[in-house]
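Ligands are counted one by one from 1 in listed order, and the atoms in each one are counted from 1 as well. These numbers come from a predicted model, not from an experiment. No hydrogens, no waters, no symmetry mates; every other heavy atom, side chains included, goes into these values. For this chain, numbers begin at 1 and follow the sequence in order.
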Amino acid sequence: MKETNIPRHVAIIVDGNGRWAKKNGKNRSFGHKTGFERLEEIIVYAIEKGVKVISLYVFSTENFKRNKSEVKYLMDLFCNNFKRLEKKYQKENIKAVFSGREEPLEKRVLDAMRDIEEKTKNNTKGIVNFCLNYGGHAEIVDATKKICMDVCSGKIKIEDIDETLFEQNLYHEFPPVDLLIRTSGEQRLSNFLPWQLSYAELYFPETYFPDFTKEEFDKAIDVFCKRNRRFGGDHNENENS
Ligand code: FPP
């Protein structure tokens with residue numbers, strides 16, 4: 001596989017922790033804990049392989065509708081692990097960032113997020129973008145508000161608004177997503193990165209996320225490499241392989 005075939009930006013909808021737990025006679029919390037262990041492994045592996053940005057849907061704005069004890073378990077998992085990941089990412093030269101709204105996240109969660117972001121901000125090998133309390137429509141609304149404020153204050157004119165300027169006002173300005181993976185067999189985007197996914201290749205393995213090993217990730221990259229990406233252009237242009 002040529003190094004140039006590695007997708008620059010991979011996005012993953014982490015799905016199937018609950019079904020994996022049920023299948024293995026465990027509770028949902030155990031599914032999330034095991035899912036997190038897998039996630040930790042995949043982030044480092046993907047960046048080691050040459051992926052520059054990996055975006056992970058770890059908690060959607062809609063996930064707050066879940067049972068209170070499950071939400072608390074996930075919030076504890078975030079808080080407890082960001083501290084540990086901070087040390088690991090310093091060593092691995094990985095930068096951690098977050099996408100999503102702050103409201104209604106608790107202060108302890110926001111503090112843990114800000115802390116890892118600050119400590120890893122100068123790392124250069126790759127970026128992990130945790131989409132936490134993230135919603136794609138909310139991101140577009142938030143970007144629109146920022147642009148309107150800049151128009152109202154006279155910083156920019158309406159004529160200045162184009163795709164580039166819009167992208168600059170999203171939570172982060174990253175290259176477009178090349179490959180989207182959603183585990184567990186579900187074939188939906190569920191309000192994940194609607195702007196950034198416009199030209200992404202979509203891959204929906206049946207595997208529940210806690211079973212999504214490095215080998216499964218390699219399989220996803222192989223599938224991506226065989227796709228013929230045309231971006232609306234000619235059939236033989238932009239082939240991956
Ligand atoms: C979806 O599976 C998974 C989630 C809503 C949570 C994912 C979060 C983690 C793996 C923890 C990440 C931790 C850190 C520190 C980044 P589901 O519960 O919807 O599964 P189901 O559809 O089978 O019920």
Tell me which part of Leu132 gets within contact of ligand 1: side chain, backbone, both or neither, using heavy atoms under 4.0 Å.
-> neither
Side chain, backbone, both or neither: the part of Arg66 lying under 4.0 Å from ligand 1 by heavy atom = side chain
All heavy atoms of Val51 vs all of Arg8, minimum pair found to be CG1-O, 3.7 Å
Touching ligand 1 at all, Lys22? Heavy atoms, strictly under 4.0 Å?
-> no
Test item, Glu186 contacting ligand 1 (heavy atom, 4.0 angstrom) = no
Does Arg19, backbone or side chain, put an N or O under 3.5 Å from an N or O of ligand 1?
-> yes
Any N or O of Asn63 that comes nearer than 3.5 Å to an N or O of ligand 1?
-> no
Given Leu77, Thr183, Val58, which has its nearest heavy atom closest to atom 11 (C) of ligand 1?
->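 The residue whose heavy atom sits nearest atom 11 (C) of ligand 1 is Leu77.
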With atom 10 (C) of ligand 1 as the reference point, say which of Asp15, Ile116, Leu85, Asn17 has the nearest heavy atom.
-> Asn17
Which pairs count as salt bridge (Lys or Arg N to Asp or Glu O under 4.0 Å) when at least one residue sits in residues 178-191, sequence neighbours excluded?
-> Asp15-Arg182, Arg19-Glu186, Asp178-Arg229, Glu186-Arg188
Residue, atom name and distance, where the atom is the protein heavy atom closest to [atom]:
atom                    : value
atom 4 (C) of ligand 1  : His32 CE1, 3.8 Å
atom 20 (O) of ligand 1 : Gly18 N, 3.1 Å
atom 1 (C) of ligand 1  : Val14 O, 3.1 Å
atom 16 (C) of ligand 1 : Phe130 CE2, 3.6 Å
atom 14 (C) of ligand 1 : Phe36 CD1, 3.4 Å

Is it true that Glu102 and Arg114 have a side-chain N and a carboxylate O under 4.0 angstrom from each other?
-> yes
Any salt bridge between Asp218 and Lys49, counting N to O under 4.0 Å?
-> yes
Parallel, tilted or perpendicular: which fits the ring planes of Trp20 and Phe30, with parallel below 30° and perpendicular above 60°?
-> parallel
Parallel, tilted or perpendicular: rings of Phe212 and Phe217 (30°, 60°) = perpendicular
Using the benzene-type ring in the case of Trp, are the ring centres of Phe82 and Phe130 under 6.0 Å apart?
->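 Close enough - the centres of the two rings lie under 6.0 Å apart.
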For Tyr208 and Asn17, does a side-chain donor sit closer than 3.5 Å to a side-chain acceptor?
-> no
Hey, is NZ on Lys22 packed in by over 12 heavy atoms from elsewhere, all under 6.0 Å?
-> no
Counting from 1 in the order shown, the ligand 1 atoms closer than 4.0 Å to a non-hydrogen atom of Gly35 are 10 (C)
